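What follows is a set of notes on a single structure, which appears directly below.
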Amino acid sequence: MTASGAQERLERNPGYYQSLLDAQHDPKLVETIRTDLHRTFPDNIHFRKSADPCLQKALFNVLLAYGEHNKTVGYCQGMNFIAGYLLIISKDEETSFWLMEALLDRILPDYYTPAMLGLKADQEVLGELVRMKVPAVWRLMQDHGVMWTLVVSRWFICLFIDILPVETVLRIWDCLFYEGSKILFRVALTLIHHHQDEIVQAQNLPDICERFKRITRGAFVEDCHAFMQRIFQEPGSLSMSTVAKLRESCRARIAAGES
């Protein structure tokens with residue numbers, strides 16, 4: 001809460017969260033959120049209808065409040081997992097709302113918008129970073145005509161929730177709130193760099209997709225402390241200025257392609 005600036009925002013806006021819940025809501029927003037509630041962590045004990053308390057109601061409130069707070073975005077795919085995860089960690093609606101506001105409005109702008117421009121751009125940025133740092137994997141993707149969005153979109157949309165083990169994801173999120181979005185590239189690059197010999201043996205598109213799934217499981221990612229040390233060592237230097245330049249060019253390319 002402190003590192004992300006969320007605590008300061010909460011203290012400067014007393015009663016704001018409740019006022020969002022008390023507002024008149026768009027029926028379409030309410031319906032869209034309700035549709036996704038039962039799909040959020042169906043295997044987690046806290047989200048089962050029989051749980052006491054069941055976090056589905058709190059999840060609905062946080063998503064509704066955020067949709068009211070940011071009407072341009074409303075509700076987008078993937079936000080239910082973000083809010084659900086924050087609720088499991090913080091066990092508090094208002095805390096979860098302000099952490100979500102920090103993530104979506106400041107740390108990851110344009111990830112969860114109707115156009116998802118930030119999300120699409122960052123997947124392309126990863127491709128450019130792989131070209132620089134793991135060229136053999138980049139060539140494989142080029143040779144088979146595989147778009148990055150096909151193999152890493154869930155990594156970015158879910159911020160590694162349900163991709164990597166919980167203990168590891170919690171540590172990645174600590175860094176995400178503390179250091180910003182660059183950490184997502186460090187994690188992705190480490191997974192790809194560490195398993196490049198396995199990835200480049202892929203023979204076709206389904207094989208490539210299967211290998212990208214396989215590299216997110218096993219002892220390498222389960223030893224969370226060792227893994228977190230690796231993400232700051234294995235990809236080598238990664239400056240924010242490099243990421244910013246790549247983002248700019250990738251955004252421009254995507255915008256031009258979509259116009």
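For the single chain, residues carry numbers from 1 onward in sequence order. Nothing here was measured: the structure is a model prediction, and the numbers come from that model.
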Open item on the list: For Phe97 and His69, take the angle between the two ring planes, folded into 0 to 90°, and tell me which bin it lands in: parallel under 30, tilted 30 to 60, perpendicular over 60.
Closed with: perpendicular

Open item on the list: I'd like to know if the side chain of Thr242 pairs up with that of Ser239 as donor and acceptor (distance under 3.5 Å, no hydrogens or angles considered).
Closed with: yes

- [ ] Find the distance between CD (Glu179) and CZ (Arg186) and round it off to the nearest 0.5 Å.
- [x] 8.0 Å

What side-chain donor-acceptor pairs closer than 3.5 Å can you find for residues 163-173, not counting sequence neighbours?
residue: Thr168; atom: OG1; partner: Val221; partner atom: O; Å: 2.6
residue: Arg171; atom: NH1; partner: Glu167; partner atom: O; Å: 2.7
residue: Trp173; atom: NE1; partner: Leu159; partner atom: O; Å: 3.0

TODO: Nearest 0.5 Å please: distance from the CZ atom of Arg131 over to the CD atom of Glu128.
DONE: 4.5 Å

- [ ] Decide whether Glu11 and Gln7 meet the rule of one side-chain donor and one side-chain acceptor closer than 3.5 Å.
- [x] yes

Open item on the list: Show the nearest heavy-atom pair for residues Arg39 and Thr35, with the distance to one decimal.
Closed with: NH2-CG2, 3.6 Å

Task: Verdict with reasoning, Val243 to Leu238, per side chain to side chain contact (heavy atoms under 4.5 Å, CB included) - done: CA-CA 8 Å; Val243 171; Leu238 182 61; 4.1 Å; yes

Task: Stepwise side chain to side chain contact (heavy atoms under 4.5 Å, CB included) check, Asp162 with Phe41 - done: CA-CA 9 Å; Asp162 274 5; Phe41 303 125; 4.1 Å; yes

Open item on the list: What I want to find out is whether Arg48 reaches Asp43 closely enough, with some N-O distance under 4.0 Å, to be called a salt bridge.
Closed with: no

- [ ] Give a yes or no on whether the backbone of Asp223 and the side-chain of His225 come within a donor-acceptor separation of less than 3.5 Å.
- [x] no

TODO: For side chain to side chain contact (heavy atoms under 4.5 Å, CB included), just list the numbers for Leu99 and Ile89, CA-CA rounded to whole Å, side-chain angles, deciding distance to a tenth of an Å, and then say yes or no.
DONE: CA-CA 11 Å; Leu99 285 170; Ile89 299 160; over 6 Å; no

Task: Closest heavy-atom pair and its distance - Met100, Val62 - done: SD-CG1, 4.0 Å

TODO: Tell me, yes or no, whether the heavy-atom count around Gln233 atom CD, taken from other residues, nucleotides or ligands under 6.0 Å, exceeds 12.
DONE: yes

Task: Distance in Å, Leu119 CG paired with Glu124 CD, rounded so as to fall on 0.5 Å steps - done: 11.0 Å

Open item on the list: With a sphere of 6.0 Å drawn around CD of Glu248, does it hold more than 12 non-hydrogen atoms of other residues, nucleotides or ligands?
Closed with: no

Donor-acceptor pairs are to be reported for all side-chain atoms of residues 74-87 against protein atoms at under 3.5 Å, with residues two or more places apart or in another chain.
residue: Tyr75; atom: OH; partner: Asp36; partner atom: OD2; Å: 2.7
residue: Tyr75; atom: OH; partner: Asn80; partner atom: OD1; Å: 3.2
residue: Asn80; atom: ND2; partner: Thr40; partner atom: OG1; Å: 2.9

Task: Lys133 side chain to Leu189 backbone, donor-acceptor under 3.5 Å - done: no

Task: Residue pair Arg247 / Ser181: nearest heavy atoms and the distance that separates them - done: NH2-OG, 2.8 Å

Task: CD1 on Ile231 to CZ on Phe185, rounded to 0.5 Å - done: 13.0 Å

Open item on the list: Whether the side chain of Asn13 engages the backbone of Arg9 through a donor-acceptor N/O pair (distance < 3.5 Å, no angle test) should be reported.
Closed with: yes

Open item on the list: Let me confirm one number: the CG-CE distance from Leu246 to Met132, rounded to the nearest 0.5 Å.
Closed with: 4.5 Å

- [ ] Mark yes or no for whether Thr216, through its side chain, and Lys213, through its backbone, hold a donor-acceptor pair below 3.5 Å.
- [x] yes

Task: Verdict with supporting geometry, Leu126 and Phe156, side chain to side chain contact (heavy atoms under 4.5 Å, CB included) - done: CA-CA 10 Å; Leu126 177 64; Phe156 285 89; 3.9 Å; yes

Open item on the list: Are Trp98 and Tyr16 an aromatic pair, judged by ring center distance below 6.0 Å?
Closed with: yes

Open item on the list: Is it the case that the side chains of Asp174 and Tyr178 hold a donor-acceptor pair, with the cut-off being a distance below 3.5 Å and no angle test?
Closed with: no

Task: Sequence-distant partners of Arg106, salt bridge (Lys or Arg N to Asp or Glu O under 4.0 Å), two or more places apart - done: Glu101

Residues 194-209, side-chain donor-acceptor partners within the protein, below 3.5 Å, at least two apart:
residue: His194; atom: ND1; partner: Arg230; partner atom: NH2; Å: 3.3
residue: His194; atom: ND1; partner: Glu234; partner atom: OE1; Å: 3.4
residue: His194; atom: ND1; partner: Glu234; partner atom: OE2; Å: 3.3
residue: His195; atom: ND1; partner: Leu191; partner atom: O; Å: 2.8
residue: Gln196; atom: NE2; partner: His193; partner atom: O; Å: 3.4
residue: Glu198; atom: OE2; partner: Arg214; partner atom: NH1; Å: 3.1
residue: Gln201; atom: NE2; partner: Asp197; partner atom: O; Å: 3.3
residue: Gln203; atom: NE2; partner: Gln201; partner atom: O; Å: 2.9
residue: Asn204; atom: OD1; partner: Asp207; partner atom: N; Å: 2.9
residue: Asp207; atom: OD1; partner: Arg211; partner atom: NE; Å: 3.0
residue: Asp207; atom: OD2; partner: Gln203; partner atom: N; Å: 2.9

TODO: For residues Gly118 and Arg251, report the shortest heavy-atom separation together with the two atoms involved.
DONE: CA-NH2, 3.7 Å

Task: Cluster overlap Phe47 with Leu37, hydrophobic side-chain contacts below 4.5 Å - done: yes

- [ ] Report the residues that fulfil salt bridge (Lys or Arg N to Asp or Glu O under 4.0 Å) with Lys71, sequence neighbours left out, ordered by chain and then residue number.
- [x] Glu68

Can you give me every donor-acceptor pair (side chain of residues 145-155, partner residue at least two apart or in another chain, under 3.5 Å) with its distance?
residue: Thr149; atom: OG1; partner: Gln123; partner atom: OE1; Å: 3.0
residue: Ser153; atom: OG; partner: Thr149; partner atom: O; Å: 3.0

Task: Side-chain touch Leu184/Asp122, heavy atoms, less than 4.5 angstrom - done: no

TODO: Output the distance between atom OG (Ser4) and atom CG (Leu103), rounded to the nearest 0.5 Å.
DONE: 8.0 Å

